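Reviewing the structure listed below.
Worth saying up front: this structure is predicted, and the values here are computed from it rather than measured. Reminder, nothing fancy here: chain letters follow the sequence lines and each chain counts from 1.
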Amino acid sequence: MRIAVVPDFEGGGRLQEISSDGGSVGPVREVADLVGTVADYERASGPAPRWVWAATDEVYPPLVERASRVGRCHDIGLVETLLLGYHGRFGEARSLGAAWARLRGLEVPPDPPTRSGTGAEPPLALFSVDRSTLPSGTDQLDALVQVHADQQRRIGRLPEPEKFALLAAVESAGALAAVEMAHDGVPWRAEVHDEVLTAQLGPRPVRGVRPRVLAELARAVGEAFGREVNPDSPAQLLKAFAAIGHPVASTRSWEIGRIDHPVVPLLLRYKELARLYSANGWTWLDAWVRQGRFRPDYVAGGVVSGRWATRGGGALQIPKIVRRAVCADPGWTLVTADAGQLEPRILAAVSGDRALAAAAGSEDLYARLGAVFGARTVGDEAGRQRAKIGMLSAMYGQTGGDAAPLLRTMRQAFPRALDYVDAAARQGEQGRLVRSWLGRTCPPPSPAWRRAVAGDGGEDDAATRRSVRDRGRFTRNFVVQATAAEWALVFLAGVRRRLAAAARNDGEAQLVFFQHDELVLHAPVSMAGECVELLKEAEAETRSLLFGKTEVRFPLDIAVVECYADA
DNA sequence: TCATTAAGCCAC
DNA sequence: AAACGTGGCTTAATGA
């Protein structure tokens with residue numbers, strides 16, 4: 001059963017039961033207490049409803065705020081984005097109002113501007129404002145029901161409707177999880193974070209002053225150069241290096257690291273610490289951690305490949321050293337699950353390459369590949385490294401450095417896998433679209449790209465060739481990265497469903513962090529074993545839902561730890 | 001003065 | 001070893 005719901009933003013709303021194809025509809029219900037009504041439906045026996053609403057990030061937060069969680073939903077905006085993308089219409093407006101306008105042949109309203117993040121500040125109003133793009137006077141519930149029915153029809157007409165329906169379901173489930181994780185937050189010990197910072201940088205300075213260690217390093221860098229230099233200024237560094245007889249093309253760490261001069265270690269250390277200070281220092285701590293929780297503002301489906309993005313807080317780039325501050329509450333534990341070597345395993349599964357699939361049946365795929373790259377023994381680390389670079393080159397389109405001979409070896413040993421990514425690259429270079437396993441579609445090239453490639457001769461040939469190759473690398477990587485992202489979404493949805501079933505009462509065993517191919521659960525110590533089992537079950541389910549019977553394995557690196565840094 | 005761009009580095 | 005995909009975020013530099 002599906003239930004379309006439109007909140008009135010005063011605590012109530014209107015609902016209507018609909019069939020899954022959207023065809024038959026029940027009577028409209030008007031309720032004053034939406035939270036209670038949703039909870040009643042979720043508690044009722046029988047199959048759980050799938051809530052159909054315009055946008056999860058608008059409708060769901062007030063429910064979660066009042067401890068009313070749902071199992072499943074259909075997010076009209078996210079599904080519209082996927083459907084538009086499938087037909088090469090990436091970037092067109094995706095709101096309910098836009099979809100309704102297209103359905104009715106009316107002028108399509110632009111999407112409302114995205115709200116900005118609030119940092120650690122809690123949202124002001126319990127019920128957010130109505131950001132509907134429907135023309136005033138339109139029956140919002142009626143529009144919702146019609147657009148939903150239309151989306152289901154459009155999915156049904158696709159070549160592989162079941163796959164796309166799965167994609168729509170997990171994209172929506174991800175949106176639910178994103179709201180819940182933003183609410184629950186990552187357990188974060190500010191005092192541990194402060195200890196890490198103090199150990200690295202010296203005590204917290206007053207506003208506007210460099211921490212002691214950074215100030216000392218900056219002074220030492222200046223002395224080594226024989227002139228005053230702001231180490232934060234690439235332009236000044238370039239001049240300073242030229243002045244000491246070591247001209248460099250850039251001030252990137254790896255390039256500077258090759259220079260033999262006493263300033264180099266000082267500068268590299270400065271860069272490392274300056275990064276920590278500015279990106280995840282005390283300012284970040286003040287802005288993003290409150291009452292022992294870091295609450296990232298996730299943007300489900302925010303990346304073209306289907307990965308998530310974040311708005312402020314940089315939750316997807318938390319440096320390793322800072323993870324020391326992520327600690328379970330007393331009596332609780334963290335259960336982390338990392339899908340190791342996910343992308344090459346995905347390539348093995350989607351390409352159907354027998355040899356690669358066989359290697360992907362083992363725990364360490366790269367080690368198994370080592371033999372192909374001249375490793376004499378199983379533990380030959382150099383052979384394993386060559387295998388890894390060869391594999392990554394195939395998936396990322398690297399051609400420089402040592403990649404070329406390794407790629408030739410890859411092509412010989414794993415022809416079908418290489419054909420798969422090569423074909424995607426060719427499609428891209430021809431300006432065509434490529435899709436993930438479930439049907440997420442890459443954006444088309446820009447009009448400027450098409451003009452340049454169509455080429456009336458006057459264009460810069462080298463630049464055009466480069467943008468063609470860039471596009472090829474993008475589509476080459478897209479087919480793998482986007483499928484890996486949907487593996488992660490299916491997994492996430494499975495874990496989330498199992499956690500809800502395992503909950504003994506509200507608030508137990510939460511999903512608190514999701515980072516591309518890695519999940520972190522925060523659970524009472526007594527539930528750790530249960531969580532480990534549930535993660536393994538979800539992996540098995542994910543594998544079979546996506547790829548049916550396959551030799552490929554997706555081994556999870558699971559750790560039960562007090563601190564994330566120990567995972 | 002404020003908005004935008006470039007460079008650089010963090011994560012996967 | 002160092003021109004290889006997706007991003008976010010910060011500072012310096014540039015421009016209106």
Side-chain angles (χ1 to χ4, degrees), chain A residues 117 119 210 214 229-239 248-258 267-268 270-281 283-284 287-288 296-299 301-323 338-344 346-347 382 385-386 388-407 421 424-425 428 434 436 440 442-443 466 469-485 487-488 513-519 564:
Chain A
R210 275 197 181 117
L214 276 182
V229 173
N230 175 6
D232 291 321
S233 165
Q236 288 184 32
L237 284 176
L238 287 183
K239 283 189 196 140
V248 281
S250 79
T251 62
R252 288 181 175 85
S253 293
W254 63 264
E255 191 162 350
I256 287 172
R258 290 151 39 140
L267 183 57
L268 292 182
Y270 178 90
K271 280 169 161 277
E272 194 184 343
L273 292 180
R275 162 86 194 184
L276 172 66
Y277 174 61
S278 66
N280 294 99
T283 311
W284 181 91
W288 287 98
D297 194 3
Y298 291 108
V299 187
V303 178
V304 288
S305 63
R307 284 179 171 188
W308 289 10
T310 55
R311 219 168 357 222
L316 303 179
Q317 308 129 252
I318 302 298
K320 297 261 160 77
I321 189 170
V322 169
R323 297 181 181 188
D338 184 326
Q341 308 168 339
L342 179 57
E343 294 193 345
I346 290 289
L347 177 57
Q385 274 307 315
R386 284 195 294 278
K388 187 171 175 179
I389 293 170
M391 192 74 230
L392 295 176
S393 302
M395 293 188 299
Y396 290 163
Q398 180 181 346
T399 51
D402 285 359
L406 299 177
L407 266 178
V421 285
V434 297
S436 71
R440 191 188 305 270
C442 74
R466 177 154 36 80
R469 278 200 311 274
D470 286 350
R471 172 87 190 160
R473 275 197 303 276
F474 167 57
T475 51
R476 169 189 294 272
N477 184 253
F478 183 94
V479 295
V480 178
Q481 186 182 116
T483 304
W487 181 95
F513 194 51
F514 174 54
Q515 180 171 240
H516 308 313
D517 58 2
E518 185 180 4
L519 272 184
Y564 188 27

Exercise for review: Name the closest nucleotide to the A/F474 side chain, picking from C/dT6, B/dA7, B/dC12.
Suggested key: C/dT6
Exercise for review: Remember a base hit wins even if backbone is also touched, and classify A/R307 as base, sugar-phosphate or nothing at under 4.0 Å, heavy atoms.
Suggested key: base
Check your understanding: To the side chain of A/W254, which of C/dA2, B/dC12, C/dG7 is closest?
Key -> C/dA2
Check your understanding: Touch check for A/S393, heavy atoms < 4.0 angstrom, all strands: base, sugar-phosphate only, or nothing?
Key -> nothing
Practice item. Compare side-chain N and O positions of A/S253 against OP1 and OP2 of B/dG8 and report whether any pair is under 4.0 Å apart. Key: no
Review point. Minimum heavy-atom separation for A/A485 to A/G306, with atom names?
Key: CB-C, 3.9 Å
Exercise for review: Give A/N230 one of three labels, base, sugar-phosphate or nothing, depending on what nucleic acid heavy atoms sit under 4.0 Å from its own.
Suggested key: sugar-phosphate
Check your understanding: Considering all heavy atoms of both residues, which atom of A/T475 and which atom of A/G428 are nearest to each other, and what is their separation?
Key -> OG1-CA, 3.3 Å
Review point. Looking only at N and O atoms, is any donor in the side chain of A/R473 or the base of C/dC4 less than 3.5 Å from an acceptor on the other one?
Key: no
Check your understanding: Base, sugar-phosphate, or nothing for A/G312, non-hydrogen atoms under 4.0 angstrom?
Key -> sugar-phosphate
Review point. What integer distance in Å separates A/Q398:CD from C/dA2:P?
Key: 10 Å
Exercise for review: Take atom OH of A/Y396 and atom C1' of C/dA1, then tell me their distance rounded to the nearest Å.
Suggested key: 16 Å
Check your understanding: So what does A/R323 hit on the nucleic acid, given a heavy-atom distance under 4.0 Å: a base, only sugar-phosphate, or nothing?
Key -> sugar-phosphate
Review point. Do the rings of A/Y564 and A/F513 sit parallel, tilted or perpendicular, given the 30° and 60° boundaries?
Key: perpendicular
**Study point:** Side chain to side chain, A/K271 and A/T251, heavy atoms closer than 4.5 Å
**Key:** yes
Exercise for review: Ignoring backbone atoms, test whether A/T399 places a side-chain nitrogen or oxygen under 4.0 Å from the OP1 or OP2 oxygen of C/dA3.
Suggested key: no
Practice item. For the pair A/E255 (side chain) and A/A249 (backbone), establish whether a donor and an acceptor sit closer than 3.5 Å, ignoring hydrogens and angles. Key: yes
Practice item. For A/Q317 and B/dC12, give me the distance from atom CD to atom P, rounded to whole Å. Key: 10 Å
Exercise for review: Could you tell me whether A/L392 contacts a base, only the sugar-phosphate backbone, or nothing, with contacts defined as non-hydrogen atoms closer than 4.0 Å?
Suggested key: nothing
Review point. What does A/R258 touch in the nucleic acid at a heavy-atom separation under 4.0 angstrom: a base, only the sugar-phosphate, or nothing?
Key: sugar-phosphate
Exercise for review: Decide yes or no for A/T399 and A/R469: does some side-chain heavy atom of the first lie under 4.5 Å from some side-chain heavy atom of the second?
Suggested key: no
Revision key, fill the gap. Whichever of A/Q236 and A/N477 has the more 5' nearest nucleotide on DNA chain C, that residue is A/N477
Study note, to complete from the structure: When rounded to whole Å, the CG to P distance for the pair A/L238 and C/dA13 reads 11 Å
Review point. Please give, in whole Å, the distance from C/dT10 P to A/L276 CG?
Key: 13 Å
Check your understanding: How far apart are the closest heavy atoms of A/V304 and A/R440, and which atoms are they?
Key -> O-CD, 3.5 Å
Review point. If pairs are Watson-Crick or G-U with both distances under 3.5 Å, what is the dot-bracket string of DNA chain B, marking crossing pairs with [ ] and pairs to another strand with |?
Key: ||||||||||||
Point to revise | Distance test, side-chain N/O of A/K271 to OP1/OP2 of B/dC9, below 4.0 Å | key: yes
Exercise for review: Tell me what A/V304 touches on the nucleic acid: a base, only sugar-phosphate, or nothing, going by heavy atoms under 4.0 Å.
Suggested key: sugar-phosphate
Practice item. Assign A/R252 to base, sugar-phosphate, or nothing according to its heavy-atom contacts below 4.0 angstrom with the strands shown. Key: sugar-phosphate
Check your understanding: Any side-chain heavy atom of A/S233 sitting closer than 4.5 Å to one from A/L237?
Key -> no
Practice item. Please name the pair of heavy atoms, one in A/A488 and one in A/H516, separated by the smallest distance, quoted to 0.1 Å. Key: CB-O, 3.1 Å
Practice item. Could you tell me whether A/S305 contacts a base, only the sugar-phosphate backbone, or nothing, with contacts defined as non-hydrogen atoms closer than 4.0 Å? Key: nothing
Revision key, fill the gap. When rounded to whole Å, the OH to P distance for the pair A/Y298 and C/dT6 reads 22 Å
Review point. So what does A/Q481 touch, heavy atoms closer than 4.0 Å: a base, only the sugar-phosphate, or nothing?
Key: base
Review point. For the pair made of CZ in A/R476 and P in C/dA3, what is the distance, rounded to whole Å?
Key: 18 Å
Review point. Does OP1 or OP2 of B/dG8 have a side-chain N or O of A/T251 closer than 4.0 Å?
Key: yes
Exercise for review: Can you tell me the distance, in whole Å, between the CD1 atom of A/I321 and the P atom of B/dA11?
Suggested key: 10 Å
